[in-house]
There are 2 protein chains.
Amino acid sequence: MSDDPPAPDAKLSRATAQRLSHYLRSLGSSARHGGTVSSVELAHAVGVSAAQVRRDLAALGHLGQRGVGYDAAGLANAIRKTLGIHREWRACLVGVGNLARALLRYRGFQDQGFQIVALFDTDPAKIGRLVEGLVVEPLAALATRVPELRIELGVLTVPSEPAQAIADALTAAGVKGLLNFAPVLLRTPPTVRVVAVDLAIQLEQLAFQVQLAGPSR
Amino acid sequence: MSDDPPAPDAKLSRATAQRLSHYLRSLGSSARHGGTVSSVELAHAVGVSAAQVRRDLAALGHLGQRGVGYDAAGLANAIRKTLGIHREWRACLVGVGNLARALLRYRGFQDQGFQIVALFDTDPAKIGRLVEGLVVEPLAALATRVPELRIELGVLTVPSEPAQAIADALTAAGVKGLLNFAPVLLRTPPTVRVVAVDLAIQLEQLAFQVQLAGPSR
DNA sequence: CGTTGTGAACTCATTCACAGCT
DNA sequence: AGCTGTGAATGAGTTCACAACG
């Protein structure tokens with residue numbers, strides 16, 4: 001059910017896009033002996049089959065050279081372009097707790113072109129404070145600051161209860177996407193995309209898998 | 001590729017298991033008017049189709065009553081049991097940074113039966129410190145403490161570089177599952193399951209989706 | 001040679017639609 | 001009447017296997 005009639009020519013499934021991110025990561029880290037990678041190498045690095053890699057990469061156009069492999073730099077660029085991270089994305093963070101602080105310190109964001117340019121919180125004790133070089137602003141400032149700073153993405157590191165209301169405020173202020181850490185399903189208009197990260201659910205999945213694997217083998 | 005010959009009778013796919021987690025969450029929060037839920041209600045709460053809900057729940061046995069719906073309490077129990085979270089899971093946390101602190105405060109863990117019973121770090125400045133009621137221990141203590149405290153799960157909130165070595169140490173110490181926040185693919189024996197949460201990748205996926213949705217609609 | 005790109009087969013997942021129970 | 005459970009249909013995603021190419 002939900003929404004997505006997967007956009008005009010969106011040839012990439014959700015899963016494929018995720019794998020592209022992984023390929024990209026792996027290209028960056030083992031940044032290349034001869035400037036070229038094979039599908040087998042990438043497959044091994046990311047933990048999928050080589051056929052899968054070739055199928056995924058073929059979807060981006062013909063970047064491989066038969067008998068040789070893929071040019072690492074060219075491939076990285078192509079992936080970044082299709083994922084839409086060849087440019088900068090400006091984001092704000094709502095809810096300045098430990099998780100927010102962890103995200104601010106996390107270099108993975110900066111590296112991939114994500115700039116966190118504003119912090120918001122309701123707690124009067126936090127407003128005005130400097131956190132990782134940014135001043136914490138009141139939630140009410142959202143409406144004017146989001147357009148002012150040309151913020152496109154919002155990261156919600158808030159409790160469940162206020163999450164929907166904050167999502168609504170961000171939507172009204174004009175953000176186009178939300179990264180939600182609160183364990184609730186956010187309702188947004190289809191123009192505002194949501195990606196959810198539910199930490200408790202990940203732990204539950206781990207328990208599930210351990211339970212399965214444990215008894216048997 | 002990878003491993004899983006999906007365990008003897010594992011009728012649940014990864015995706016189904018995830019949805020079960022969501023149903024469970026939704027059962028808890030909107031904790032019930034008449035003690036009964038319909039597939040339509042659950043579907044709406046979680047954001048999937050009603051048929052999907054029925055298919056998922058039918059896999060757990062016949063807990064629904066035709067013409068009536070599912071008994072909320074019974075359903076929650078059944079889900080907890082199949083997910084393996086009807087009991088307590090003891091976990092340790094390696095790498096005591098902001099993310100670790102955020103996880104420790106996160107009530108979602110305690111609530112679902114996950115007990116974090118030990119903290120480890122390499123930083124001498126942190127060792128011995130008290131964080132959220134737990135003493136930070138040196139990494140070397142892992143080998144003895146994990147069996148001693150009957151720890152089954154390890155949560156890795158460490159940088160990429162030491163992640164694999166720490167995973168190895170946890171494996172050697174006897175943990176059965178790892179929740180990995182470092183953006184690297186961990187190699188473990190098939191007896192040690194891994195669930196990975198890569199925050200940068202989630203942001204990338206958001207950018208991708210926004211990029212798709214933006215131009216068109 | 002080695003390695004990509006891809007039709008075809010196949011497996012897994014979701015939706016449809018309705019019979020069957022309460 | 002209402003709502004579940006499920007066979008059958010459809011769709012998505014993945015692997016196979018090999019032709020095409022440097």
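First the proteins, then the strands, lettered A, B, ... as listed; each starts at 1. Just the heavy atoms: all of them, side chains too, but no hydrogens, waters or symmetry mates, feed the values below.
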At under 4.0 Å, does any side-chain N or O of [X] touch on OP1 or OP2 of [N]?
X: B:R14; N: D:dG13; result: no
X: B:Y70; N: D:dG5; result: yes
X: A:S49; N: D:dT15; result: yes
X: A:S39; N: C:dT4; result: yes

**Prompt:** Has the side chain of A:R55 got a donor or acceptor that lies under 3.5 Å from a partner of the other kind on the base of D:dT15?
**Reply:** yes
**Complete:** Tightest non-hydrogen contact, residues B:Q211 and A:K81, listed as NE2-O, 3.5 Å
**Message:** Below 4.0 angstrom, which residues in residues 57-68 of chain B have at least one non-hydrogen atom near DNA chain D?
**Reply:**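 Per residue number, the list reads B:H62, B:L63, B:G64, B:Q65, B:R66, B:G67, B:V68.
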What is the distance, to the nearest angstrom, from the [atom1] atom on [X] to the [atom2] atom on [N]?
X: A:L12; N: D:dT14; atom1: CG; atom2: P; value: 12 Å
X: A:Q52; N: C:dT11; atom1: CD; atom2: P; value: 16 Å
X: A:D71; N: C:dT3; atom1: CG; atom2: C1'; value: 15 Å
X: B:D56; N: C:dA13; atom1: CG; atom2: C1'; value: 10 Å

Short question: side chain of [X], backbone of [Y] - any donor-acceptor pair under 3.5 Å?
X: A:T16; Y: A:L12; answer: no
X: B:N98; Y: A:N98; answer: no
X: B:Q112; Y: A:A200; answer: no

**Prompt:** Which comes earlier along DNA chain C counting from the 5' end, the contact point of A:S38 or that of B:R54, where each point is its nearest nucleotide?
**Reply:**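 Nearer the 5' end of the strand: A:S38.
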**Asked** Looking at A:R87, A:R90, A:R193, which hits salt bridge (charged side-chain N to carboxylate O under 4.0 Å, His left out) with A:E152?
**Response**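 Filter result, single survivor: A:R87.
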**Message:** Once side chain to side chain donor-acceptor pair (under 3.5 Å) is applied, do any residues pair with B:Q202, and if so which ones, sequence neighbours excluded?
**Reply:** none
